[in-house]
Amino acid sequence: MQFESARGYNSFRLFLLHITTVECMRISQGFFPTVKEVPADAVIASHRLMLRAGLMRPLGAGIYSFYPLGFRVMKKAMEIIREEMDAIGGQEFLLPALSPIELWEETDRVKAFGDTMFHIKNRPLVLAPTHEEVITSIARSHVKSYKELPQIWYQIQTKFRNEPRPKSGVLRGRQFTMKDAYSLDASWEGLDASYALHEQAYRNIYTRCGLNFFIVGASSGAMGGTGSQEFMVESDAGEDTVALCDGCGYAANVEIAASGAPAAVRSDRGSSIEEVSTPGIKTIDEVSAYLKADLAHCAKSLVYIANGKPAIIFLMGNDQLNETKIQAVLGADARPAHPEELAALTGADAGSIGPIGLKADFTIIADKRLEHADDMVCGANKNDFHITHVDFDRDVKVEAFHDLRVVEDGEPCPKCGTALRIVKGIEVGHIFKLGTKYSASMKATFLDEHGKDNPIIMGSYGIGVERIIACHIEQHHDEFGIKWQKSIAPFDVHLILVNANSEEVVQKSESLYAALRAKKIDVLFDDRATVSPGFKFKDADLLGMPLQIIVGEKNLKNNQIELKDRNTGERRLVPAEDAMAEIEKFLAT
RNA sequence: CGGGGCGUAGCUCAGCCCGGUAGAGCGCUUGGUUUGGGACCAAGAAGUCGCAGGUUCGAAUCCUGUCGCCCCGACCA
């Protein structure tokens with residue numbers, strides 16, 4: 001390297017000196033912007049703590065800068081992901097975030113993503129929200145033969161989605177980091193195998209990242225394909241509602257969840273239907289109370305319009321109609337009838353509608369719980385009247401019985417009967433069997449052993465890296481701060497020099513620091529001379545390293561060092577000479 | 001995109017209703033004292049009151065517009 005002047009050389013030397021002397025593991029020298037006060041904009045625990053601990057800061061709505069401490073955690077999580085992806089034969093790529101819009105037109109996903117995809121104004125480019133198109137374009141230009149399959153290709157890269165409403169910190173951002181993987185197979189059996197490999201890799205990843213997770217069957221939505229599962233973490237901050245069985249592990253989005261709620265029991269009394277006066281009685285609870293009929297013997301009637309045709313739907317008691325389930329039966333355009341339509345179609349208002357004496361031509365469907373029900377109370381299609389002793393076998397021409405109801409908390413699991421819990425969940429991963437949706441539309445084909453051209457059979461597998469971090473904090477924190485689990489903690493230990501005025505304390509802390517570094521243990525060293533002990537303890541709890549090593553004057557007089565387990569809160573004193581062994585023991589378990 | 005709220009010092013916020021010199025706490029700088037759970041004293045630096053227009057002798061304050069951010073809802077591979 002040439003320098004034009006001695007001054008240039010000197011500043012270069014200064015630069016070298018600088019980078020070799022700043023020790024970023026020392027809080028006194030590194031960048032650790034912690035804050036005591038709770039940021040006003042943060043609502044959920046992980047968001048608050050990520051801001052307070054200085055892991056990241058917002059740059060715009062749904063856009064975050066990761067600061068060194070936060071990035072260390074990201075790297076830990078990404079390394080775990082890499083190891084598990086590599087273990088199933090994945091090969092890491094780094095694909096561009098910018099991609100030509102023509103690529104997305106080939107699969108018609110410009111339209112499918114709509115406003116969710118960012119478009120570049122002065123070039124025909126988009127910011128990729130995911131990478132199926134790019135991967136498929138690579139596959140079609142290189143993969144020619146079944147002999148080259150299967151492949152698992154992945155990357156860890158920034159994704160862009162123009163979320164209408166970013167929220168909850170990094171849980172829903174406009175820019176985020178995703179590990180996305182794609183499997184290429186020559187057969188459907190091959191896809192099943194690749195998919196199974198990913199499912200196991202994902203289980204390993206979340207387990208190693210210290211997350212308590214569960215898996216739910218999911219719809220593949222706009223991704224297309226033949227099957228998919230979501231990996232979810234239970235959290236009140238979640239956006240999805242899931243029915244979860246602690247007995248057998250059954251888990252399903254409430255949109256599709258079933259339960260073992262008991263069906264109607266026939267009385268077989270054979271009573272004839274009878275019209276009774278129910279003045280002003282509308283709701284099922286009122287009907288039940290007024291006629292002294294058990295809720296299980298009341299049928300609720302709802303009118304929907306689908307495809308321009310009215311449908312009447314019966315549910316038992318206070319069961320709620322599940323919109324997703326009814327749309328699966330009647331079609332996606334199914335909607336509740338307007339009040340005027342109700343009156344015109346049935347002759348009565350909501351609350352007095354029923355199966356007997358319907359004027360119009362209805363599609364008649366009912367929830368499975370009502371199959372063979374008799375002795376039921378229903379609306380009379382005449383305001384202020386109900387009909388009793390309705391027998392769904394005898395009196396109602398039900399076209400089909402479907403599971404149409406919303407599962408309630410505490411109902412028996414459909415698989416094992418244990419009480420279901422309805423919980424909120426955060427999606428941390430999603431795996432899809434894509435099939436040939438992308439390879440067919442983009443003509444990514446291979447020649448099979450018979451020389452025949454076939455579209456590659458694909459899978460796609462995503463993990464939100466920031467979501468892993470946020471979920472980890474959601475699951476591991478207390479009122480004082482984060483409790484990192486060892487696997488993704490930014491540092492292994494947090495060394496606190498309690499009192500910089502004590503020569504012994506300084507010496508012992510410094511020698512411990514050097515010894516820890518020599519052992520390749522990542523140590524965050526609070527060596528600040530101007531900060532009070534209380535301040536340091538609060539910071540340590542906030543930052544949340546798994547083990548705090550506290551070197552203080554009083555204990556050192558007795559030749560003792562204090563170790564505090566951040567997770568359990570347990571503190572113990574160990575002889576100074578045993579400290580290193582105790583620390584290594586802690587980290588090893 | 002609907003509903004609600006907020007933009008004043010680095011952070012948390014008061015001041016606005018009722019127009020008249022720009023405020024507090026925390027943080028920061030300097031000096032001193034302190035040192036086991038977010039210390040104390042003293043001195044100090046720091047703000048185009050989001051932006052643009054309007055009303056007014058005079059606008060952080062009233063009016064109009066606009067931008068940004070947060071929350072609820074819709075949406076969400």
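Chain naming here is simple, since letters A, B, ... match the order of the sequence lines and numbering starts at 1 in each.
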- request: Taking atom C1' in both B/C51 and B/G7, compute the distance separating them and give it to the nearest angstrom.
  value: 11 Å

- request: Indicate the ring-plane relationship of A/Tyr67 and A/Phe31, choosing parallel, tilted or perpendicular according to the 30° and 60° boundaries.
  value: tilted

- request: Considering only atom C1', compute the distance from B/C63 to B/G44 and round it to an integer number of Å.
  value: 40 Å

- prompt: For B/G44, what is the paired nucleotide under Watson-Crick or G-U wobble rules, both distances under 3.5 Å?
  reply: B/C28

field: Residue mapping more 5' on RNA chain B - nearest nucleotide basis, A/Arg528 or A/Glu427
entry: A/Arg528

- request: List in chain and number order the residues that pass ring pair (Phe, Tyr, Trp, His ring centres under 6.0 Å) with A/His198, two or more places apart in sequence or in another chain; answer none if no residue qualifies.
  value: A/Tyr461

query: Relative to the 5' end of RNA chain B, which residue comes earlier, A/Gly169 or A/Phe535, by the nucleotide with the nearest heavy atom?
result: A/Phe535

Rounded C1' spacing from B/A43 to B/G19 in Å: 35 Å

- prompt: How does protein reach along nucleotides 8-13 of chain B, written 5' to 3' as B (base within reach of a heavy atom under 4.0 Å), S (only sugar-phosphate), or - (no contact)?
  reply: ---BSS

message: Please give the distance between the P atoms of B/C16 and B/G50 as a whole number of Å.
response: 15 Å

task: I would like to know whether A/His494 and A/Lys564 meet side chain to side chain donor-acceptor pair (under 3.5 Å); could you show each step before the answer?
output: CA-CA 10 Å; A/His494 190 133; A/Lys564 176 178 166 183; over 6 Å; no

message: Counting only Watson-Crick pairs (N1-N3 plus N6-O4 or O6-N4) and G-U wobbles (N1-O2, O6-N3), all under 3.5 Å, who is the partner of B/C6?
response: B/G68

field: Interatomic distance at C1', B/U55 relative to B/C1, whole Å
entry: 34 Å

message: Ring centres under 6.0 Å, that's the criterion: do A/Phe71 and A/Phe66 meet it?
response: no

query: When rounded to the nearest 0.5 angstrom, what distance separates NZ in A/Lys325 from CZ in A/Arg405?
result: 7.5 Å

Spacing of A/Ser235 atom OG and A/Ile44 atom CD1 [to the nearest 0.5 Å]: 6.5 Å

- request: Please state the P separation for the pair B/G3 and B/C62 - nearest whole angstrom.
  value: 22 Å

field: Euclidean distance for C1', B/C6 against B/C49 (whole angstrom)
entry: 14 Å

message: Base of B/G36, side chain of A/Asn499 - is there a donor-acceptor contact under 3.5 Å?
response: no

- prompt: Are the ring centres of A/Trp153 and A/Phe93 closer than 6.0 Å?
  reply: yes

message: Using OP1 and OP2 only, check whether a side-chain N or O of A/Ser532 sits under 4.0 Å from B/A39.
response: yes

message: In whole Å, measure the gap between the P atoms of B/U12 and B/U8 for me.
response: 9 Å

